[in-house]
S.K.: 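Right, I'll just put the structure down here and ask away after.
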Amino acid sequence: MKYIDLFFVGGVVMWPILLCSFAAVAVIVEKYISLRKAAIDPNQLLTRVRASLSHNDILGAVNACSEVPAPISTIMKHGLLRYNDGPAAVRKAIETAGKEEVFRLEKGLGLLANIAAVAPMLGFLGTVTGMIAAFQVIQNAGGNVNPGMLAGGIWEAMLTTAFGLIVGIPALGYYNYFVLRVTRFVFEIETKSEEFMDLIELDLHPRRSAPESVPPVREMPPATRDQNRRLFADDTEIFEPKKD
C-alpha cells in the first residue's frame with residue numbers, strides 16, 4: 001500500500017498528526033536558517049569595533065556591526081548608538097537588546113517541544129480508538145468473528161501509533177539539538193557583551209587615576225654607612241656610664 005492509503009486507513013486521528021508534522025518541519029527549517037546566520041566569529045567583530053573606537057570613529061564601529069547579521073552585532077550596535085550618553089546608558093541598551101535577541105533565538109522551541117510530546121500522544125489516542133472499533137465489531141458479530149473482521153480496527157490502532165512516533169521522535173531530537181545551540185549562543189552573547197562593555201568603559205575613561213608610585217628603596221652609600229656608624233658609636237659612649 002502507498003503512504004497515502006495508509007494515511008486514510010489510520011482514521012481521523014491522522015489529520016492532527018499530519019498538522020504536527022507540517023508545523024515541526026516549518027520550525028526546524030526556520031531555526032536551522034536563523035541559527036546558521038547567527039554563527040559568526042565574534043572576536044573578529046570585536047576587533048573591528050576596537051579598531052574603530054581607537055580612532056574615535058563611532059560611525060565606523062556602527063557600520064561594522066550593521067554589516068554582520070548576527071545577534072551579538074545587533075547588541076553591540078544598540079550599545080554604540082548610546083555611546084554619547086555614557087557607560088550606564090550603553091549597558092542598559094545592550095541588556096535590553098540582549099533580552100530581545102535571546103527571545104528571538106528561543107522562538108519556536110516551545111512549539112517544537114509541544115509537538116514532540118503531543119504527536120506520540122495522538123498516536124496512542126488513535127490506538128485506543130482503533131481497539132474500540134475492533135471490540136465493537138466483536139460485539140456486533142456476537143462473538144462469531146474472524147481475523148479479517150478485526151483487521152480494520154487493528155490497522156487504525158497500529159498506524160496511528162507508528163505515525164505519531166515518526167513525527168514525535170525527530171521533533172524531540174531537533175528540539176534538544178536546538179536547545180544546545182541556543183544555550184551556546186546565549187553564553188557567547190553574555191561573555192562578548194561584557195568584553196564590549198569593558199571596551200566602552202575603557203574608551204570613555206582613558207585616563208584613570210593611577211596609584212601613587214612608591215619610591216624605590218636604594219642602598220645607602222658606603223661612606224654614609226661609615227659616618228652613621230661612627231655617630232651611633234659616639235652616642236653610645238655619651239649615654240653609657242663610665243667605668244672606674
Side-chain angles (χ1 to χ4, degrees), residues 21-116 170-213:
S21 66
F22 288 157
V25 171
V27 173
I28 290 171
V29 172
E30 188 275 332
K31 295 308 299 179
Y32 179 79
I33 295 175
S34 62
L35 293 180
R36 186 175 181 180
K37 290 181 179 179
I40 65 168
D41 186 4
N43 294 322
Q44 294 183 0
L45 177 61
L46 197 60
T47 300
R48 293 181 60 185
V49 172
R50 183 183 292 109
S52 298
L53 292 179
S54 64
H55 295 87
N56 295 325
D57 186 9
I58 308 303
L59 182 59
V62 173
N63 292 333
C65 294
S66 301
E67 294 174 359
V68 182
I72 187 62
S73 61
T74 303
I75 294 171
M76 291 183 183
K77 180 180 178 181
H78 279 78
L80 290 170
L81 293 176
R82 300 294 302 274
Y83 180 86
N84 294 328
D85 297 332
V90 174
R91 180 174 292 276
K92 184 177 180 180
I94 65 176
E95 287 178 355
T96 303
K99 292 178 182 179
E100 294 177 357
E101 292 302 320
V102 170
F103 175 77
R104 290 191 181 95
L105 289 174
E106 295 177 348
K107 184 179 179 180
L109 293 181
L111 177 59
L112 193 60
N114 288 329
I115 293 173
L172 180 60
Y174 276 105
Y175 169 76
N176 292 327
Y177 169 71
F178 289 140
V179 166
L180 180 61
R181 292 200 62 183
V182 168
T183 302
R184 188 178 304 171
F185 278 122
V186 171
F187 174 76
E188 186 178 86
I189 287 173
E190 292 176 351
T191 54
K192 296 306 175 183
S193 295
E194 287 298 327
E195 292 182 14
F196 173 73
M197 195 63 219
D198 293 339
L199 177 62
I200 292 295
E201 292 178 350
L202 183 62
D203 189 69
L204 289 176
H205 301 283
R207 296 180 181 179
R208 298 182 179 180
S209 56
E212 297 181 0
S213 59

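We count residues from 1, following the sequence as given.
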S.K.: Does some side-chain heavy atom of L35 sit less than 4.5 Å from a side-chain heavy atom of L105?
M.R.: yes

S.K.: Going from CZ on F178 to CG on L109, what distance comes out if it is rounded to the nearest 0.5 angstrom?
M.R.: 8.0 Å

S.K.: Quick check for you: to the nearest 0.5 Å, what is the distance between L172 atom CG and I115 atom CD1?
M.R.: 12.0 Å

S.K.: Looking at every non-hydrogen atom in both residues, tell me the closest pair between L199 and V49 and how far apart they are.
M.R.: CD2-CG1, 4.4 Å

S.K.: If you apply the rule side chain to side chain contact (heavy atoms under 4.5 Å, CB included), what do you find for L53 with Y83, and how did you get there?
M.R.: CA-CA 11 Å; L53 292 179; Y83 180 86; 4.2 Å; yes

S.K.: Do other residues, nucleotides or ligands put more than 12 heavy atoms under 6.0 Å from K31 NZ?
M.R.: yes

S.K.: Salt bridge or not for K192 and E195, using N-O below 4.0 Å?
M.R.: yes

S.K.: Report the residue from L80, I75, I200 that forms a side-chain contact (heavy atoms from CB on, under 4.5 Å) with I94.
M.R.: I75

S.K.: If you count the non-hydrogen atoms of other residues, nucleotides and ligands that lie under 6.0 Å from CZ in F185, is the total more than 12?
M.R.: yes

S.K.: Take K99 and F103 through the side chain to side chain contact (heavy atoms under 4.5 Å, CB included) test and state the conclusion after the steps.
M.R.: CA-CA 6 Å; K99 292 178 182 179; F103 175 77; over 6 Å; no

S.K.: If the condition is side-chain contact (heavy atoms from CB on, under 4.5 Å), which residues does V186 pass it with, not counting sequence neighbours?
M.R.: V102, V182, E190

S.K.: Which pair of non-hydrogen atoms, one from I72 and one from P42, has the smallest distance, and what is that distance?
M.R.: CG2-CB, 4.4 Å

S.K.: For R82 versus D85, what's the shortest heavy-atom pair and its separation?
M.R.: NE-OD2, 2.7 Å

S.K.: Please report the shortest heavy-atom distance between P71 and I189, naming the atom on each side.
M.R.: CB-CD1, 3.9 Å

S.K.: Mind checking the CD-OG spacing from E101 to S73? Nearest 0.5 Å is all I need.
M.R.: 8.0 Å

S.K.: With rounding to the nearest 0.5 Å, note down the distance linking CG in D41 to OG1 in T47.
M.R.: 8.0 Å

S.K.: How far apart are the closest heavy atoms of H78 and A93, and which atoms are they?
M.R.: O-CB, 3.6 Å

S.K.: Determine whether R104 and S34 satisfy the following criterion, side chain to side chain contact (heavy atoms under 4.5 Å, CB included), listing intermediate values before the conclusion.
M.R.: CA-CA 9 Å; R104 290 191 181 95; S34 62; over 6 Å; no

S.K.: What's the spacing between L81 CG and L59 CG if we round to 0.5 Å?
M.R.: 10.0 Å

S.K.: Report the distance from atom CE of M76 to atom OG1 of T74, rounding to the nearest 0.5 Å.
M.R.: 10.5 Å

S.K.: Any idea which heavy atoms bring T183 and V179 closest together, and the distance?
M.R.: OG1-O, 2.7 Å

S.K.: Given the rule in the side chain to side chain contact (heavy atoms under 4.5 Å, CB included) test, do N176 and L180 qualify, once you have shown the distances and angles that lead to the verdict?
M.R.: CA-CA 6 Å; N176 292 327; L180 180 61; over 6 Å; no

